Amino acid sequence: MGNVRGFLDFKRVDFKKVAPKERILNFKEFTKALDKKEQEIQGGRCMDCGVAFCHTGVLAEGKEVGCPLKNLIPEWNDLIYKSLWKEAYKRLDLTNPFPEFTGRVCPAPCEDSCVCAINGESVSIKNNELAIIENAFKEGFVKPNCPQKYNGKKIAIIGSGPAGLSCATTLNALGYKISVYERSDRAGGLLMYGIPDMKLEKHIVDRRIELLKKSGIEFKVKQNIDSKDKVNKLLKEFDALILCTGASEPIDLKIEGRELKGIEFAMDFLSKNTQSLLETSKPATSAKDKDVLVIGSGDTSVDCIAVAVRQGAKSITRFERSPKRSLTRKADNPWPLKADVFKTDYGLEEAIAVYGKDPREYQKLTQKFLGKNGVVQGVIASDLKREIKNGKMINCEIPNSQKSYKADLVLLAMGFSGTEKKIKENFNIKLDEKNNIFTQNFQTSHKKIFACGDARTGQSLVVWAVKDGLDCAFAVHKSLAQ
Ligand SMILES: Cc1cc2nc3c(=O)[nH]c(=O)nc-3n(C[C@H](O)[C@H](O)[C@H](O)COP(=O)(O)OP(=O)(O)OC[C@H]3O[C@@H](n4cnc5c(N)ncnc54)[C@H](O)[C@@H]3O)c2cc1C
Ligand code: SF4
């Protein structure tokens, strides 16, 4: 190890961020990398702790501990500290096929599990990862991974999100001829049409797709596999089908007034904006001059807020059912579990800067949409409190707490309820009790059809989808080799 005292000698320095009021003037990524020498010092903060939890990659009590991909973090931290950037890239590439995606959008459970984070600031693992891969692209280290020879077997992958891409990459390298079918006009799944440009510019996704094409993978876009006939044709042509179709069935809020115009699913709002940027270099305008209400509290809601701010919303409010989180870890959420603490993510930071107030309203229950002439004008919501009933913590409505709130654009960002209904019928496969595709070792109830990513696990994270794609590839390889 280069510098075992680095965590004492050097302070954590993150990528610089453009100030909120400046960055909302466009849809570009707003972090600026450190220069190479500064980043090398950050690698030197890794303390060679012996039992490195940062790369454990397990789920404990429903929370991640360390990197799901088991990235060899201490090793590449040390390599960049020693200015061995090519070796660091080679080490990173062993476990992570797409560090340029995770280095931008991963919530970095590795950093919560870093030993330095027990009583100080973790190593800047995510920034180090991104610096390694961007340097590798710049220096020309990243090359197409073409198979040495094809084994004569063909596989169709349905869906080109991170799970489909990682599964395709691995099976291609193992010698299978891979065709990826994607119903959108562009490959990338939620990397392309879900996560906004500010977190992941779309030329970064295209750069990887081009590399995968050069490595021999065929991409067929605008190909919706949406009928039994199409599925049967694929089953005849290919040795296996792999469903990487995501978990895109949105959770709806079926209350009075839901039919009013101006109530949209978050994904429709976000994808329209990205589509408009891609086609015209201009954003959509659906939030311009509107009082926007976002219902839901996850990443998607933050992205909606960030896009609405940039489109010029008049005001933004976010309703969530949970109480405000505590600033520090609670006793039931100890290190090295992913920290469940109060955070102000980028879109919230921007809303605070622009409107002078935090948009978050906690413990709200939306009860009714109000409208005029068929268009939404507001909502009625009441307050919730937490009570223990039969040993379980539940949300209870506070009597007479109803209030009305103004809103002429309501975005429903309450998550997803699993795989789309027609997948089950068209592919003739079973779903599990959570509406995800039922699998045993990645094989569905149809022996020639496999599944991975959000389609199998439910809505998750890019890093988990990538891992599921890798694991599925090896399961399919084993099954086809028999
Ligand atoms: C708005 C939003 C923001 C997010 N932000 C983050 C983030 O910051 N960090 C993070 O880690 N995770 C984030 N996530 C979660 C992450 O994007 C997903 O977990 C991940 O993309 C799942 O990958 P996947 O490959 O399983 O599915 P997806 O990315 O959903 O890809 C599925 C693909 O399959 C295609 N498809 C579906 N059915 C068919 C069919 N019948 N025929 C052909 N093609 C089909 C779809 O068009 C889509 O392209 C976010 C999710 C959303 C919705
Ligand atoms: S993929 Fe995520 S968890 Fe793994 S090292 Fe990168 S930022 Fe950390």
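Note that this is a predicted model, so its numbers are computed, not measured. Read the numbers this way: they start at 1 and go in the same order the structure lists the ligands and their atoms. For the numbers below, each heavy atom of this structure counts, side chains included, while hydrogens, waters and symmetry mates do not.
Aromatic rings from Y346 and F30 are positioned such that their centres are separated by under 6.0 Å.
Annotation for ligand 2: atoms under 4.0 Å from non-hydrogen atoms of N71 are 1 (S), 4 (Fe), 5 (S), 6 (Fe). Distances below 4.0 Å separate heavy atoms of Q223 from the following atoms of ligand 1: 42 (N), 43 (C). Applying the 4.0 Å criterion to heavy atoms of G159 picks out, from ligand 1, the atoms 33 (C), 34 (O), 35 (C). For ligand 2, the atoms lying closer than 4.0 Å to a non-hydrogen atom of T102 are 1 (S). Atoms of ligand 1 found under 4.0 Å from any heavy atom of K199 (numbered from 1 in listed order, with element): 5 (N), 7 (C), 8 (O). The atoms of ligand 2 that sit less than 4.0 Å from any heavy atom of C110 are 3 (S), 5 (S), 7 (S), 8 (Fe). Those atoms of ligand 2 that come under 4.0 Å of a heavy atom in V463, given as number and element, are 1 (S). If you number the atoms of ligand 1 from 1 as listed, the ones under 4.0 Å from a heavy atom of M267 come out as 53 (C). Below 4.0 Å from some heavy atom of C244 lie the following atoms of ligand 1, by number and element: 32 (C), 33 (C), 34 (O). Close approach of ligand 1 to D454 is summarised as follows: ligand atoms under 4.0 Å from at least one heavy atom of the residue are 18 (C), 19 (O), 20 (C), 22 (C), 26 (O). Under a 4.0 Å criterion applied to the non-hydrogen atoms of Q459, ligand 1 contributes the atoms 15 (C), 18 (C), 19 (O), 51 (C). Those atoms of ligand 2 with a heavy atom of I73 less than 4.0 angstrom away are 5 (S). Near P109, meaning under 4.0 Å from one of its heavy atoms, ligand 2 places the atoms 3 (S). Of all atoms in ligand 1, numbered sequentially from 1 with element shown, those under 4.0 Å from a heavy atom of G189 are 29 (O), 31 (O), 48 (C), 49 (O).
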Worked verdict on Y89 versus W76 for ring pair (Phe, Tyr, Trp, His ring centres under 6.0 Å): CA-CA 8 Å; Y89 163 64; W76 38 258; over 10 Å; no
For K143 and K214: C-alpha separation, side-chain torsions, deciding distance, then whether side-chain contact (heavy atoms from CB on, under 4.5 Å) applies. CA-CA 9 Å; K143 299 269 190 312; K214 284 188 187 143; over 6 Å; no
What verdict does the side-chain contact (heavy atoms from CB on, under 4.5 Å) test give for Q275 and Y193, after you've listed the backbone C-alpha separation in whole Å, the side-chain angles of each residue and the deciding distance to 0.1 Å? CA-CA 7 Å; Q275 189 103 44; Y193 280 122; 3.3 Å; yes
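Residue contacts with ligand 1: P162 is placed with a nitrogen or oxygen under 3.5 Å of a nitrogen or oxygen of the ligand (distance criterion only). Geometrically, ligand 1 and T300 share no nitrogen or oxygen pair separated by less than 3.5 Å. Checking only distances, F416 never comes within under 3.5 Å of ligand 1, N or O to N or O. Checking only distances, E420 never comes within under 3.5 Å of ligand 1, N or O to N or O. The shortest N or O to N or O distance between D226 and ligand 1 is not under 3.5 Å.
Side chain to side chain, N127 and Q39 fail the donor-acceptor criterion of an N or O pair below 3.5 Å. Under the 3.5 Å distance criterion, with hydrogens and angles disregarded, a donor-acceptor pair is assigned to the side chains of S122 and R12. For the residue pair E182 and S184, a side-chain donor N or O sits within less than 3.5 Å of a side-chain acceptor on the partner. Side-chain contact of E420 with S248: a donor-acceptor pair under 3.5 Å is present, judged by distance alone. Remark: the T102 side chain and the N96 side chain contain an N/O donor-acceptor pair separated by less than 3.5 Å. With hydrogens and angles left out, the side-chain atoms of R360 and T344 include a donor and acceptor closer than 3.5 Å. A side-chain N or O of R318 and one of S301 form a donor-acceptor pair less than 3.5 Å apart. Judged purely by distance below 3.5 Å, without hydrogens or angles, the side chains of D340 and N333 never pair a donor atom with an acceptor atom.
When hydrogens are left out, the protein atom nearest atom 27 (O) of ligand 1 is G246 CA, 3.5 Å; that is the closest non-hydrogen contact. If you check which protein heavy atom lies closest to atom 44 (N) of ligand 1, you get R183 N, 3.2 Å. Regarding atom 25 (O) of ligand 1, its nearest protein heavy-atom neighbour is A163 N, 2.9 Å. Looking at atom 29 (O) of ligand 1, its nearest protein heavy atom turns out to be L190 N, 3.0 Å. Of all protein heavy atoms, the one lying nearest to atom 37 (C) of ligand 1 is T245 O, 3.4 Å. The protein non-hydrogen atom at the shortest distance from atom 11 (O) of ligand 1 is V462 N, 2.9 Å. Here the protein heavy atom with the shortest distance to atom 48 (C) of ligand 1 is E182 OE1, 3.6 Å. Here the protein heavy atom with the shortest distance to atom 40 (C) of ligand 1 is N224 OD1, 3.5 Å. Remark: minimum distance from atom 4 (Fe) of ligand 2 to any protein heavy atom is reached at C67 SG, 2.3 Å.
You'll find the side chain of Y176 stays beyond 4.5 Å of the side chain of V476, heavy atoms only.
With rounding to the nearest 0.5 Å, the separation of CG in N145 from OG1 in T170 is 9.0 Å. Distance check, rounded to the nearest 0.5 Å: NZ of K177 to CG of D239 gives 13.5 Å.
For the residues L243, I225, V231, the heavy atom positioned nearest atom 41 (N) of ligand 1 is part of I225. Of the listed residues (I158, I195, V105, D345), the one carrying the non-hydrogen atom nearest atom 6 (C) of ligand 1 is I195.
The side chain of L270, and not its backbone, has at least one atom closer than 4.0 Å to an atom of ligand 1 (non-hydrogen atoms only; side chain from C-beta on). Only the side chain of D299 comes within 4.0 Å of ligand 1, counting heavy atoms alone; its backbone N, CA, C and O stay farther away. For C106, every heavy-atom contact with ligand 2 shorter than 4.0 Å involves the side chain, none the backbone.
Judged purely by atom type and a 3.5 angstrom limit, E38 uses its side chain to pair as donor or acceptor with the backbone of D35.
Closest to atom 6 (Fe) of ligand 2 among the N, O or S atoms of E129 is OE1.
The closest approach between a heavy atom of D303 and any atom of ligand 1 is below 4.0 Å. The closest approach between K422 and ligand 1 stays at or above 4.0 Å for every heavy atom of the residue.
More than 12 heavy atoms of other residues, nucleotides or ligands sit less than 6.0 Å from atom NZ of K70. Few gaps surround CD on E279; more than 12 heavy atoms of other groups in view lie less than 6.0 Å from it. The 12-atom threshold is exceeded at NZ of K153, counting heavy atoms of other residues, nucleotides or ligands nearer than 6.0 Å.
Using bins of under 30°, 30° to 60° and over 60° for the plane-to-plane angle, the ring pair F238/Y181 lands in the perpendicular bin.
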